[in-house]
There are 2 protein chains.
Amino acid sequence: MKDNVIIDNLVQELKRGTLVLAVLLNSSKPSYGYSMINTLKDLGIEIEQNTLYPLLRRLEKQGLLESSWDTTDSRPRKYYIISEMGKGIRDSLYNEWNKTNKVIETMVVKGE
Amino acid sequence: MKDNVIIDNLVQELKRGTLVLAVLLNSSKPSYGYSMINTLKDLGIEIEQNTLYPLLRRLEKQGLLESSWDTTDSRPRKYYIISEMGKGIRDSLYNEWNKTNKVIETMVVKGE
DNA sequence: TATGATAGTGTGTGATGTACAGTATTGTCA
DNA sequence: TGACAATACTGTACATCACACACTATCATA
């Protein structure tokens, strides 16, 4: 049972950084929080509302996303789109992520 | 200048979880802290002593690594090797890591 | 009419890489 | 031979963020 706790913790740590990249990649076109949760879920990324909404707000605060309200529908929705600054950071983060991946793959191949 | 701070933070977050996987992958054969730093550096993973030594101790405490002192040389060295439990967790973590990677690659391809 | 779905806000907690600080000894170089 | 870099390790506080908990509000459906 303890193994699961350790794995869950480690997987959660893996998510840090990765979630940001996933959200930035998903924000090339405008999308709103609740919809993004379903989109990411379909892609294989399980994320709770309690995690995504604060993340969106933090990324906007940091200037990586821009938001606008759409109140024309019966339900008001906050749309997010990546900013120019966000695009630069997304690309840098993706490069770092890629480098890390190549390293891990190299180690996996060597390790066996 | 602020961009760099954000990127540095995000890259650090990326490391969380990834470092654990890298260390577990690197511990199929016994190796000691100081040497591991150089090995990982050569592979492209920059890690400080202040980060690696506590990490090794934590992983041992969690039962993922086993250690033994080698005092035959002029310098005593603490060798670490992955435990059976650690192998299970390494494999699980690698699977999760792989899943996440496929998702990110899918998003990258779709995003453009 | 009740409840699930839809859509969002607010805030505290636990885990971990980093940073700072330290000890100790060996090996190398001037 | 002394200074210093390299080698090898331990201890601890801090910043950050996914998660968890709590909440509001309204629409759609049974």
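Chain identifiers are assigned alphabetically (A, B, ...) following the order of the sequence lines, protein sequences preceding nucleic acid strands; residue numbering begins at 1 within each chain.
Contact annotation: K15(B) does not reach the phosphate of dT16(C) (side-chain N/O to OP1 or OP2, under 4.0 Å).
Here the straight-line distance linking atom CG of N101(B) with atom CG of N98(A) works out to 9.0 Å at 0.5 Å rounding. Taken from CD in E46(A) to CD1 in I37(A), the straight-line distance is 10.5 Å, to the nearest 0.5 Å. Note that CD of Q49(A) is 8.5 Å distant from CG of L52(A), once rounded to the nearest 0.5 Å. Separation of atoms CD1 (I104(B)) and CH2 (W97(A)) is listed at 5.5 Å; rounding is to 0.5 Å. For the atom pair CG (L21(B)) and CG (L10(A)), the distance works out to 9.0 Å, reported to the nearest 0.5 Å.
A donor-acceptor pair is defined here as one N or O able to donate and one able to accept, closer than 3.5 Å; no such pair exists between the side chain of Y32(B) and the backbone of D70(B).
The residue among Y80(B) and L10(B) whose nearest nucleotide of DNA chain D is located toward the 5' end is Y80(B). When each of R16(A) and E48(A) is assigned the nucleotide of DNA chain D with its nearest heavy atom, R16(A) is the one assigned upstream, toward the 5' end.
Counting non-hydrogen atoms of neighbouring residues, nucleotides and ligands closer than 6.0 angstrom, the CD atom of E48(B) reaches no more than 12 such neighbours.
Counting to the nearest Å, the P atom of dT16(C) and the CZ atom of R58(B) are 4 Å from each other. Atom CD in E13(B) sits about 9 Å away from atom C1' in dA15(D), given to the nearest Å. Distance Q12(B) CD to dC17(D) C1': 11 Å, rounded to the nearest Å. If you measure from atom CD of E46(B) to atom P of dA19(C), you get 13 Å, rounded to the nearest angstrom. Taking atom CG on L24(A) and atom P on dC17(D), their separation rounds to 13 Å, with Å as the unit. The interatomic distance linking K61(A) (NZ) with dT16(D) (C1') rounds to 13 Å, in whole Å. L52(B) has its CG atom 15 Å from the P atom of dG11(D), to the nearest Å. Following rounding to the nearest Å, K41(B) (NZ) and dT7(D) (P) show an atom-to-atom distance of 10 Å.
When all heavy atoms of S28(A) and I82(A) are compared, the closest pair comes out as CA-CG2, 4.1 Å. Considering all non-hydrogen atoms of both residues, M36(A) and S27(A) come closest at CE-OG, 4.1 Å.
Using a 4.0 Å heavy-atom criterion, one finds that T51(B) contacts the bases of the nucleic acid, with or without backbone contacts as well. At a threshold of 4.0 angstrom between heavy atoms, the contacts of I47(B) with the nucleic acid are absent.
The base of dA22(D) lies close enough to the side chain of N50(A) for a donor and an acceptor atom to sit less than 3.5 Å apart. You won't find any donor-acceptor pair under 3.5 Å spanning the side chain of N9(B) and the base of dA15(D), going by distance alone.
S83(B) and E66(B) form no side-chain donor-acceptor contact under 3.5 Å, judged by distance and modelled atom types alone.
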Between N or O atoms, less than 3.5 Å apart, protein on one side and nucleotides 4-7 of chain C on the other: list the pairs.
unit_1, atom_1, unit_2, atom_2, d
dT6(C), OP2, Y34(A), OH, 2.5
dT6(C), O5', Y34(A), OH, 3.4
dT6(C), O2, R75(A), NH1, 3.0
dA7(C), OP1, R77(A), NE, 2.6
dA7(C), OP1, R77(A), NH2, 2.4
dA7(C), OP2, Y32(A), OH, 3.4
dA7(C), N7, Q49(A), NE2, 3.3

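Within residues 92-104 of chain B, no residue is approached by DNA chain D to less than 4.0 Å at the level of any non-hydrogen atom.
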